[in-house]
Amino acid sequence: MRDVAIVGVGMIKFGKYLEKGIKDLVRESVNAALADAGIDAKKIEAAYMGSAAPGIMTGQEQIKAQVTLSAMGIDTIPMYNVENACASSSSALNLARMAVGAGEYDCVLVAGFEKLYDTDKLKSFMALGSAVDIEGAHRFFEEFQTRHNIQSIFSENSGSDKSIFMDMYAYATRQYMETFGITQTHFGKLSVKSHKNAAMNPHAQYQKEVSLEEVLTSGDISFPLTKLMCSPICDGSAAVIICSKDKLSQFTQKPIWIESSVIGSGKISFDFGDSLTRRLGPKAYESAGIGPEDIDLIEVHDATSPSEIIALIELGICPGEAAPKWIDEGELEIDGKNPCNTSGGLVSKGHPIGATGLAQIHEVVQQLRGHAGKRQVNGAKVGMTHNGGGILGTDAAAMALHILKR
């Protein structure tokens, strides 16, 4: 495999854009990535587009890459449409990196987008709720609840007033609370951190700091989750340009190397402890030739604030028994020993599912370049992204981990 570098990144400010279509979102992020790389679109040899639910939300079920990119003059080249739930655009990056590494292409565009916000809230929840086994989920959870002797993990309004995933995240979170002594207040502190970081991020949906009291009293979703601990529904797009080492002289930016790019899929299991994140982490570290202690900063898939610390435990970055102390003592802050979600994470930056993976990449690239402004992590050399998608049983259905290095 040839060495592959990211040479351009771009994204739009995540938010609610009823007046914009998917072509508008993609055009803005792709043009930003091309400008960042310092190249013309004619240099692009292939394109990989990640998106999850445009069929439900906009009616554009197929040929998303061809439709959005041709509208801005990028056409005739090979285009690949990738769907892997919330891990769609990071999965697209994995495929693109393999193609460039194998010598098939030298310069490739990877983009991700989602139109997820709608005035009809139920429509958005239907889109999110499709990231499960539609035929088998009901039977699975009946058996799960019987095995664990619980009446139901779902509240009465799941799927209409909130995503069904919130109840599932809440149930898993309570297991970690019991095991490691983590409290709702700890999760509230993570939300406070996320909003503080997002307040310094011009691309974040929410750019306002909040207090711990505001988080804890923002409205109960499913204990221990409150409203300000949950990622918001929004629209967004992000893009990157990657190239082979041989072609670096064509670009203006310093390269950020893709040291590791691994993809995994979940399995039907009744054990929350046997997670895809735990199984996939060692593969990512091995591929990059490093250990979790070598990561200078990480963007994790915090669909909820508790998910942040759970991911760090499962990736071997934070010992479970040390989690409360790490949160209390600011280990995960930008100036802490293990900075996490410097962008604000999904909780504050927003979570337009098909764009989330590349938005994480965007943040790590800017950090490694030293271009993150007030969010900058001093001396960052190695960054990681953790992007999950969908649910299979109690496991993530898809997962993409990337390790980048300057």
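The chain is numbered in sequence order, starting from 1.
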Practice problem: Would you please test K43 and I241 for side chain to side chain contact (heavy atoms under 4.5 Å, CB included) and show each step? | Solution: CA-CA 10 Å; K43 293 281 189 179; I241 310 293; over 6 Å; no
Practice problem: Show your working on side chain to side chain contact (heavy atoms under 4.5 Å, CB included) between D133 and F140 and close with a plain yes or no. | Solution: CA-CA 9 Å; D133 178 354; F140 172 84; over 6 Å; no
Self-check item: Test log, rule side chain to side chain contact (heavy atoms under 4.5 Å, CB included), inputs L122 and M126
Solution: CA-CA 6 Å; L122 181 59; M126 286 177 61; 4.3 Å; yes
Quiz item: Under the side chain to side chain contact (heavy atoms under 4.5 Å, CB included) criterion, do L312 and I309 qualify, and how do the steps go?
Solution: CA-CA 5 Å; L312 295 176; I309 193 66; 4.3 Å; yes
Quiz item: side chain to side chain donor-acceptor pair (under 3.5 Å) between E28 and S237: does it pass, once the steps are laid out?
Solution: CA-CA 8 Å; E28 290 181 39; S237 182; over 6 Å; no
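N197 places no side-chain N or O within donor-acceptor distance of the main-chain N or O of S194, the cut-off being under 3.5 Å. A donor-acceptor pair under 3.5 Å is formed between the side chain of D395 and the backbone N or O of K267. For the pair S260 (side chain) and A284 (backbone), a donor-acceptor distance under 3.5 Å is present. A donor-acceptor pair is defined here as one N or O able to donate and one able to accept, closer than 3.5 Å; no such pair exists between the side chain of Q250 and the backbone of I39. When atom types are taken as modelled, the side chain of S231 and the backbone of A303 share a donor-acceptor pair closer than 3.5 angstrom. With hydrogens and angles disregarded, no donor-acceptor distance shorter than 3.5 Å links the side chain of R369 to the backbone of R406. Side chain of Q207 to main chain of P202: a donor-acceptor pair is present (N/O by atom type, distance under 3.5 Å, no hydrogens or angles). A distance-only check finds no donor-acceptor pair linking the side chain of Q366 to the backbone of L368 [under 3.5 Å]. With hydrogens and angles disregarded, no donor-acceptor distance shorter than 3.5 Å links the side chain of S90 to the backbone of N387. A donor-acceptor contact shorter than 3.5 Å links the side chain of D36 to the backbone of V9.
Note that OH of Y48 and CD1 of I242 are 8.0 Å apart. Values are rounded to the nearest 0.5 Å. Between the OG atom of S88 and the CG atom of L93 there is a distance of 12.5 Å, given to the nearest 0.5 Å. Here NZ of K189 is found 12.5 Å from CD1 of I182. Values are rounded to the nearest 0.5 Å. Distance OG/S307 to CG/L225: 8.0 Å, rounded to 0.5 Å. Of the inter-residue distances, the one linking I353 atom CD1 with D235 atom CG reads 11.0 Å to the nearest 0.5 angstrom. Summarising the geometry, atom CD1 belonging to I313 is positioned 11.0 Å from atom CD belonging to E308; distances are rounded to the nearest 0.5 Å.
In terms of heavy atoms, E61 sits closest to I56 at OE1-N, 4.4 Å. Summarising the geometry of G181 relative to P324, their closest heavy-atom pair is O-CG, 3.8 Å, with the distance given to 0.1 Å. The two residues M49 and A65 make their nearest non-hydrogen contact at CB-CB, 3.5 Å. Here the shortest heavy-atom pairing between Y285 and G291 reads CD2-C, 4.1 Å. Of all heavy-atom pairs spanning D118 and S124, the tightest one is N-OG, 3.8 Å. For the pair T226 and D220, the tightest heavy-atom approach, listed with the atom from each and the gap, is CG2-OD1, 4.2 Å.
For K13, the NZ atom sits in a packed shell: over 12 heavy atoms of surrounding residues, nucleotides or ligands are nearer than 6.0 Å. For E286, the CD atom is loosely surrounded, since the number of other residues' heavy atoms within 6.0 Å does not exceed 12. Around the CD atom of E293, the shell of radius 6.0 Å holds more than 12 heavy atoms that belong to other residues, nucleotides or ligands. Other residues, nucleotides and ligands contribute over 12 non-hydrogen atoms within 6.0 Å of the NZ atom of K20.
Counting heavy atoms from C-beta outward, I263 and S91 have side chains that approach closer than 4.5 Å. Taking 4.5 Å as the limit, some side-chain heavy atom of K115 sits within range of a side-chain heavy atom of L25. Side-chain contact between Y105 and P78: present, with at least one pair of heavy atoms (C-beta onward) separated by less than 4.5 Å. The side-chain heavy atoms of L315 and M384, taken from C-beta on, include a pair separated by under 4.5 Å. Side chains of C107 and F251 form a contact here, defined as non-hydrogen atoms less than 4.5 Å apart. Side chains of H203 and H362 form a contact here, defined as non-hydrogen atoms less than 4.5 Å apart. Inter-residue side-chain proximity for I77 and L69 is flagged as unmet; no heavy-atom pair is nearer than 4.5 Å. Residues D296 and Q367 are not in side-chain contact: their nearest non-hydrogen atoms beyond the backbone lie 4.5 Å or more apart.
Side chains of S261 and N94: a donor on one and an acceptor on the other come within 3.5 Å. With hydrogens and angles left out, the side-chain atoms of D106 and S244 include a donor and acceptor closer than 3.5 Å.
A salt bridge does not link D302 to K193: none of the charged side-chain nitrogens sits closer than 4.0 Å to a carboxylate oxygen. A salt bridge does not link K349 to E363: none of the charged side-chain nitrogens sits closer than 4.0 Å to a carboxylate oxygen. Ion pairing of K196 with E333 is present here, as a side-chain N (NZ or NE/NH1/NH2) and a carboxylate O approach within less than 4.0 Å. Salt bridge status for D328 with K325: absent, with no side-chain N to carboxylate O gap under 4.0 Å. Using a 4.0 Å cut-off between a side-chain N of Lys or Arg and a carboxylate O of Asp or Glu, D294 and K381 do not qualify as a salt bridge.
Relative ring orientation between Y206 and H195 is described as parallel, the plane-to-plane angle staying below 30° on a 0-90° scale split at 30° and 60°. In this structure, H301 and H386 have perpendicular ring planes: the angle between them is above 60°, well past the 30° mark.
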